[in-house]
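In the text below, chain A, chain B and the rest are named by the order of the sequence lines, each starting its count at 1. Fair warning: this is a prediction, and the values are worked out from it, not measured in the lab.
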Number of protein chains: 2
Amino acid sequence: METSTVSTAQRLMRAFMRLNRVAWHQNPIAGHTLSEIKVLFCVKHGARADSPGMKVSEISRILDVTSPTVTQLLKGLEEDGLVTRRIDRTDRRAVVITLTEKGDMVTKEAVGDFLASFERLIDYLGEEQSNQLADLLSKVFHYYDENGANVSHSLWRGVVEV
Amino acid sequence: METSTVSTAQRLMRAFMRLNRVAWHQNPIAGHTLSEIKVLFCVKHGARADSPGMKVSEISRILDVTSPTVTQLLKGLEEDGLVTRRIDRTDRRAVVITLTEKGDMVTKEAVGDFLASFERLIDYLGEEQSNQLADLLSKVFHYYDENGANVSHSLWRGVVEV
DNA sequence: TCTAAATTATTAGCTAATCTAAGTATATTC
DNA sequence: GAATATACTTAGATTAGCTAATAATTTAGA
């Protein structure tokens, strides 16, 4: 049991070590970075009929990055004419982001191409195993969400003096 | 089938989008970055009894990063006294990296703590599902290895003009 | 009601982890 | 022996984040 757990742990460790190197992580898409595309996705999907657009704070919460990070990404997107900023009428501190027509088109294309890319992966893995993988990854996230969960956590603090 | 494939694709897309944000990715370990630790792992495991130490080019190939990246990481590790550089006797262009005693200790601790961390995840997922996950991820890597495989690949080149 | 505290977003400046391009030194090949 | 190729380093850039400090506005409390 001990032995088998260790070797499973090794396999998982190796797998997770490789993950951040998987191809699409580093490639710009339609002249925009992956992070920028994520913001576009977020604005497109988060917006509701009654109040179109998303506040910076909402984007920040959903993407789980700080608001300065969102601000910085929006700067690029606004310069390229993909989003517009507007001060919220009911709370003048807040800024509401909406997609321009161009932004909407780019987002649609990006979603389409991402899905197409994952569909090719699904063709390779098969529908069933793909779903299994999605399930397992969800569980992993759930675990990390619940456990604050750094490798380092309690383990490493204070071990700086080796 | 089409519908179900799309929704599987969406699930996988969301999962992979979250992956690079999983906790341990960003945290320094024993005062060293994850990348530096990877180099240490690599030198420790790559070294063979007959020729201890690893060349920069070997590390570069194994970790799948460029040699300037390796050089830079080694700079930090050398400054902290974890590795030593030495010119290869049989090829004076090459540089052989070996762990110092301190480097060996740090590496051992890092391996131990990483494995411990993954064993906690395995406790949560269960042995069987953990192995399943490792298997599925291996398949994913295999797919991407075979297919050159960016999202963008043929799709995006030339689409910069939207 | 007016001040103190909280919230929202931005700016400035930092770090990590990569990359490419260019340069130097050494090997290899023809 | 000259041309080419290989191994590494340096310099400088990019992406994706972060924290700290600041400005503007809102909310709460006395």
Worksheet entry | Nearest-neighbour nucleotide for the R92(B) side chain, dA27(C), dC19(C), dT8(C) considered | dA27(C)
Worksheet, complete the sentence: In whole angstroms, the gap separating C1' of dT26(D) from NZ of K55(A) amounts to 12 Å
Item to complete: Look at the side chain of T71(A) and decide which nucleotide, out of dA21(C), dT10(C), dA16(D), has an atom nearest to it.
Response: dT10(C)
Worksheet item: Does T33(A) make a side-chain N or O approach to OP1 or OP2 of dT15(D) shorter than 4.0 Å?
Response: no
Worksheet item: Could you give the CG-to-C1' distance, from D88(B) to dT6(D), as a whole number of Å?
Response: 13 Å
Discussion item. Between K108(B) and D104(B), does any NZ, NE, NH1 or NH2 come within less than 4.0 Å of an OD or OE carboxylate oxygen?
Written reply: yes
Worksheet item: Is any side-chain heavy atom of T71(A) closer than 4.5 Å to a side-chain heavy atom of R85(A)?
Response: yes
Discussion item. Starting the side chain at C-beta, find the nucleotide from dC19(C), dA16(D), dA7(D) nearest to Q72(A).
Written reply: dA16(D)
Practice prompt. Report yes if some heavy atom in the side chain of L12(B) is under 4.5 Å from a heavy atom in the side chain of S130(A); otherwise report no.
Written response: yes
Worksheet entry | Shortest side-chain distance from P68(A), nucleotide among dC8(D), dA20(D), dA9(C) | dA20(D)
Discussion item. Need one value for D91(A): base, sugar-phosphate or nothing, where a base atom within 4.0 Å counts as base even if backbone is also close, heavy atoms only.
Written reply: sugar-phosphate
Discussion item. Can a side-chain donor-acceptor contact be found between T100(B) and T84(B) if the only test is distance below 3.5 angstrom?
Written reply: no
Worksheet item: With a 4.0 Å cut-off on heavy atoms, is K75(A) in touch with a base, just the backbone sugar-phosphate, or nothing at all?
Response: nothing
Worksheet item: Taking the six-membered ring for Trp, are F118(A) and F114(A) parallel (under 30°), tilted (30 to 60°) or perpendicular (over 60°)?
Response: parallel
Discussion item. From CZ of R85(A) over to P of dT8(C), roughly how many Å is that when rounded to an integer?
Written reply: 17 Å
Fill in: Touch class at under 4.0 angstrom, heavy-atom based, for T66(B) against every strand present
base
Response to the item:
Rounded to whole Å, the CG-P distance (L73(A) to dC18(D)) equals 10 Å
Item to complete: Give a yes/no on whether any side-chain N or O of S57(B) is located under 4.0 angstrom from OP1 or OP2 of dC8(D).
Response: yes
Worksheet entry | Selected nucleotide, minimal atom distance to V65(B) side chain, candidates dA9(C), dC19(C), dG17(D) | dC19(C)
Discussion item. In this structure, how many angstroms lie between the P atom of dA23(D) and the CD1 atom of I87(A), rounded?
Written reply: 17 Å
Discussion item. On the nucleotide dT10(C), are OP1 or OP2 found under 4.0 Å from the side-chain N or O atoms that S67(A) carries?
Written reply: no
Discussion item. Please report the distance, rounded to the nearest Å, between CD in E36(A) and P in dA16(D).
Written reply: 7 Å
Item to complete: Could you tell me how the ring of Y143(A) sits relative to the ring of Y124(B): parallel (under 30°), tilted (30 to 60°) or perpendicular (over 60°)?
Response: tilted
Worksheet item: Roughly how many Å is it from CG in L77(A) to P in dA16(D), rounded to a whole number?
Response: 11 Å
Worksheet, complete the sentence: Out of dA16(D), dA6(C), dT10(C), minimum distance to the side chain of L34(A) belongs to dA16(D)
Discussion item. Which nucleotide wins on minimum distance to the side chain of S35(A), given the candidates dG17(D), dA27(C), dC19(C)?
Written reply: dG17(D)
Item to complete: Would you mind telling me which residue lines up with the more 5' stretch of DNA chain C, L74(A) or R93(A), judged by nearest nucleotide?
Response: R93(A)
Fill in: Integer-rounded Å distance: dT8(C) P and I59(A) CD1
14 Å
